[in-house]
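Heavy atoms only: backbone and side chains are in, while hydrogens, waters and symmetry mates are out. Just so you know, these numbers come straight off a predicted model, no measurement behind them. In what follows, chains carry the letters A, B, and so on, assigned in the order in which the sequence lines appear, proteins first and then strands, with residues in each chain numbered from 1.
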Number of protein chains: 2
Amino acid sequence: MNRTKIARIYTDAESLGGELVTVAGWVRSIRDMKNFGFITINDGSSFRDLQIVMNRDQLDNYDEIAHQNVSAALVATGVVKLTPDAPQPFELTAETIRVEGASAPDYPLQKKRATVEYLRTQQHLRPRTNLFRAVFRIRSVTAAAIHRFFQERGFVYVNTPIITANDAEGAGEMFHVTTIDPMNPPLSPNGEIDWSKDFFGVPASLTVSGQLNAENFAMAFGDVYTFGPTFRAENSNTARHAAEFWMVEPEMAFADLADDMDLAEQMLKFLISEVQRLCPDELAMLNRFVDKGLMERLSHVAASTFARVTYTRAIEILQAAVEAGENFEYPVSWGIDLQTEHERYLTERHFKRPTFVSDYPAQIKAFYMRMNDDGKTVAAMDCLVPGIGEIIGGSQREERLDRLERRIADLGMDAEQYRPYLDLRRYGTNRHAGFGLGFERMVMYLTGVSNIRDVLPHPRTVGNAEF
Amino acid sequence: MNRTKIARIYTDAESLGGELVTVAGWVRSIRDMKNFGFITINDGSSFRDLQIVMNRDQLDNYDEIAHQNVSAALVATGVVKLTPDAPQPFELTAETIRVEGASAPDYPLQKKRATVEYLRTQQHLRPRTNLFRAVFRIRSVTAAAIHRFFQERGFVYVNTPIITANDAEGAGEMFHVTTIDPMNPPLSPNGEIDWSKDFFGVPASLTVSGQLNAENFAMAFGDVYTFGPTFRAENSNTARHAAEFWMVEPEMAFADLADDMDLAEQMLKFLISEVQRLCPDELAMLNRFVDKGLMERLSHVAASTFARVTYTRAIEILQAAVEAGENFEYPVSWGIDLQTEHERYLTERHFKRPTFVSDYPAQIKAFYMRMNDDGKTVAAMDCLVPGIGEIIGGSQREERLDRLERRIADLGMDAEQYRPYLDLRRYGTNRHAGFGLGFERMVMYLTGVSNIRDVLPHPRTVGNAEF
């Protein structure tokens, strides 16, 4: 089908003015003035609509078109007329309009504004609304920008596995992947489940992180990244948690925690600048209807040098704030896990810009993080941003075989399960570091949307796997 | 750490000649000539190694370095010396070399050539071999090229869900996703599993395709694509099947089967040209050691206009071949599903170039494919390429509500489960089409590697979820 996309008319309006083009899209509104009328259509190529002008004396099927319902699919051929004095820069004067597919009067998304809660029940149709067209285009542009950022810097993209037999640690929060029939499971002589009869021959789960696998590849390619789905079977029904979400996990050989923070800062700024460059209309709409501080906040972050503070110093800052009368719900003392209220105080009120907090107490962090010389803290960092709190968590990894073995033993973990991971420390180990970015949290940050269900095409949460 | 990547020395050798740089990488080989020696290191940034020259009178720790094992991690500072008359264009004259992490003499990948079967038992180390460095860089470059191809054409990337409650049809071949304990499952009063007690409140599985969800988004954005993992619980232990693999699924509104074939042809050519452009060293190695026809075959495909033939005509061609003495294992008659031997005959011997076969009998194709006017065939296409056979399968979708409802009823499927899919035909339906590319099959095609286990970072197959 030889058609011109609406995005192209916006880009090439000058050269297309006066030209005959064919467009295809869905009706957003029709105004019938009896002998002429206006149709607004959108074809998804641009956030912006195209206005079509139709005249009764031009169209044989004027009445058929004038009576179409919202979301009908039309194919219109006409002349692009530049309208420098009108609100929109051009319109299409229709010569023919054909109904490709009608719509019905019971179309669930009529013009009146629907709540996001209602729209979650119409997930197959909600991408047609302004809100979701903005969110999902920004999601796509951000994903592409992530690939561009890493590829341009020579990082190799690695698809770490989704199904895993490792990670017995967090088993309580993982989904089982199985072909076993729970009504009739195979049993071993001792009456337990006989996992050797399951598809993989062992209990398998959905991954919670690709990091340990990514390290295998960082030891070959130097710089690598993952970008894929991860899963949590947590029974938490909040606006920030989904059972299925995407993660970006870069990993760099010959890099320490400072390199890691540099990379995170550069990446966040790049993603913001790409969305600003490619989605100005979407951002303007979101800034107007969803989050009035959005555009200013993004510009501020893109222009800031991120603050860097140790956890120990951050605790002092928070304690000083308490002494000065600040009221936190959770008490502050060295050793606590920072709560969102603490994180937001640091980034929004103390530093007033994105802030890296580093060198956390070892006991609140994962086994693979590198022990600092003080023997108490590890080379971990969180990146906190105004309006959200933590958006990135990363660390330098423990590259010293003896230290790592001791830590695995101290935590009562099964060293045999980590044999490959320990092998990386046996054969050419090196300082290395990486981080994880929750992709949906990034999209929420870039759009101002406050519920993770509204940045996932078809969200999966407790009790919900519809569509 | 302020280091220069080896890839950059290859790119900027002219300007770096005579400069002092620091490099970090892993030892591939060391030749100790007593008072001087040669170290070959690789840092993963380039397929090519760097040769370091060390002199005893320059290095305090000459003997320490000379005795390092393969895969030790070194940090070397020295001067880039251009060597226009040597096989390699430059070398590094070391001023200092430091051991970042030693390796052990039992390093499992010594220089002698290991079999791919053995290397599958060393998945955490195999990316350090030439073969796998070539394969996994090409995999990364191809993935990035897929995003670039679609983003440059205005396609919106959609992350369709991995966990799904739909697709009861293919249930026998799907993995269950559950938090139910099979030793103690919740039962309803009638003694069946009480799925309302499972995490999602219903039986859930891992997706086999994102297509139906992608159509939701094509009806809003016009052109979309997915690129994510898909799953099959098939008990087939072949060189071409994995339980977990990645798929690319574009979907275009206002497009028919011819548009679909155009897109597939452009995409395949683009992917080949990107790998040729960005991975010449990797291709040369693979062409030499893995598949001697690789580079010629890729160039041939990139330069060909793909053949297009209907299924009905293809059957005639195959029958004529049989009459002329061709011996197929599977008999040829109208209505059969083409076997690989038939596909390869068509693309390799009859057409001698990539070939689209279109308009297959309805009864061997999926319910959503558009019925042709003959009432017997559907607007489906497969793309066959020399050396492999089918690499892409696509179709124009049935956009007519009444036809689709009838087909769902004829096949005894549950219409209620397809309500959202049918809604797309109620509210502004339009001709639309898409296809699926198995990403690993594409990587196999681009590398000449014949086993899918060797193009997946950590393959999952029957009985195997290691690493």
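The shortest heavy-atom contact between A:Arg3 and B:Asp223 is NH2-OD1, 4.4 Å. Summarising the geometry of B:Phe227 relative to A:Trp246, their closest heavy-atom pair is O-CH2, 3.8 Å, with the distance given to 0.1 Å.
Heavy-atom distances place both the backbone and the side chain of B:Pro161 under 4.5 Å from chain A. Both the backbone and the side chain of A:Ala253 come within less than 4.5 Å of a heavy atom in chain B. Using a 4.5 Å cut-off between heavy atoms, A:Thr461 touches chain B through its backbone atoms (N, CA, C, O) alone. Heavy-atom distances place no part of A:Phe150 under 4.5 Å from chain B, backbone and side chain included. For chain B, no part of A:Arg126 is nearby; none of its heavy atoms comes within less than 4.5 Å. The contact between B:Ala104 and chain A is made by backbone and side chain atoms together, counting heavy-atom distances below 4.5 Å. Neither the backbone nor the side chain of B:Leu401 comes within less than 4.5 Å of any heavy atom of chain A. Neither the backbone nor the side chain of B:Leu456 comes within less than 4.5 Å of any heavy atom of chain A. Contacts between A:Asp43 and chain B at a heavy-atom distance below 4.5 Å involve the backbone alone (N, CA, C, O). Interface remark: B:Asn464 contributes backbone atoms only to the contact with chain A (heavy atom separation under 4.5 Å). Residue B:Arg400: no heavy atom, backbone or side chain, is found under 4.5 Å from chain A. For B:Pro229, the part sitting under 4.5 Å from any heavy atom of chain A is the side chain, from C-beta outward, and nothing else. Proximity to chain B (any heavy atom under 4.5 Å) is restricted, for A:Glu234, to the backbone atoms N, CA, C and O. Only the side chain of A:Phe439 comes within contact range of chain B, with heavy atoms under 4.5 Å apart. With a 4.5 angstrom heavy-atom cutoff, A:Ser71 touches chain B via backbone and side-chain atoms both. Looking at A:Ala102, only its backbone comes within 4.5 Å of chain B, counting heavy atoms on both sides. Contact of B:Asp106 with chain A is made through backbone and side chain together, with heavy-atom distances under 4.5 Å. Heavy atoms closer than 4.5 Å to chain B are found in both the backbone and the side chain of A:Ala24. With a 4.5 Å cut-off on non-hydrogen atoms, B:Arg139 touches chain A through its side chain but not through its backbone.
With chain A as the partner, the residue from B:Gln122, B:Glu466, B:Glu100, B:Gln68 showing the most heavy-atom pairs under 4.5 Å is B:Glu100. By number of non-hydrogen pairs under 4.5 angstrom with chain B, the leading residue of A:Pro127, A:Gly222, A:Gly201, A:Ala7 is A:Pro127. In terms of heavy-atom pairs under 4.5 Å with chain B, the best-connected choice from A:Ala143, A:Ala72, A:Gly191, A:Ala73 is A:Ala73. Among B:Thr178, B:Asn430, B:Val156, the residue making the largest number of heavy-atom pairs under 4.5 Å with chain A is B:Thr178. For the set B:Ser196, B:Gly228, B:Pro420, B:Pro459, the count of heavy-atom pairs under 4.5 angstrom toward chain A peaks at B:Pro420. Highest contact tally toward chain B, considering only A:Ala144, A:Pro185, A:Ser103, is held by A:Ser103 [criterion: heavy-atom pairs under 4.5 Å]. The choice from A:Pro108, A:Ser46, A:Ala204 that makes the most heavy-atom pairs within less than 4.5 Å of chain B is A:Pro108. Heavy-atom pairs under 4.5 Å with chain B were tallied for A:Gly101, A:Ser140, A:Gly44; the largest tally goes to A:Ser140. Listed options A:Glu399, A:Arg425, A:Lys5 were ranked by heavy-atom pairs under 4.5 angstrom with chain B; first place goes to A:Lys5. When the candidates B:Ala218, B:Ser45, B:Ala465 are compared by the number of heavy-atom contacts under 4.5 Å with chain A, B:Ala465 comes out ahead.
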**Report entry** Stepwise side chain to side chain contact (heavy atoms under 4.5 Å, CB included) check, A:Leu187 with B:Met183
**Finding:** CA-CA 9 Å; A:Leu187 297 179; B:Met183 279 306 286; 4.0 Å; yes
**Report entry** A:Phe231 and B:Ile162: CA distance, side-chain angles, deciding distance, side chain to side chain contact (heavy atoms under 4.5 Å, CB included) verdict
**Finding:** CA-CA 10 Å; A:Phe231 305 84; B:Ile162 309 303; 3.8 Å; yes
Requested in this report: In sequence, state the C-alpha distance, the side-chain angles, and the governing distance for B:Val462 and A:Phe199, and then conclude on side chain to side chain contact (heavy atoms under 4.5 Å, CB included).
Outcome: CA-CA 6 Å; B:Val462 185; A:Phe199 189 89; 3.7 Å; yes
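Ring geometry, B:Trp26 versus A:Phe254: the interplanar angle falls from 30° to 60°, so the pair is classed tilted.
Aromatic ring centres of B:Phe217 and A:His458: separated by under 6.0 Å. The distance between the ring centers of B:Phe175 and A:Phe200 falls below 6.0 angstrom.
Listed by chain and number, the residues in a salt bridge (charged side-chain N to carboxylate O under 4.0 Å, His left out) with B:Arg8 are B:Asp12 (sequence neighbours excluded). For B:Arg148, the salt bridge (charged side-chain N to carboxylate O under 4.0 Å, His left out) partners two or more places apart in sequence, or in a different chain, are B:Glu274.
Checked against B:His124 for a side chain to side chain donor-acceptor pair (under 3.5 Å), the options A:Asn213, A:Asp423, A:Asn216 give a single hit: A:Asp423.
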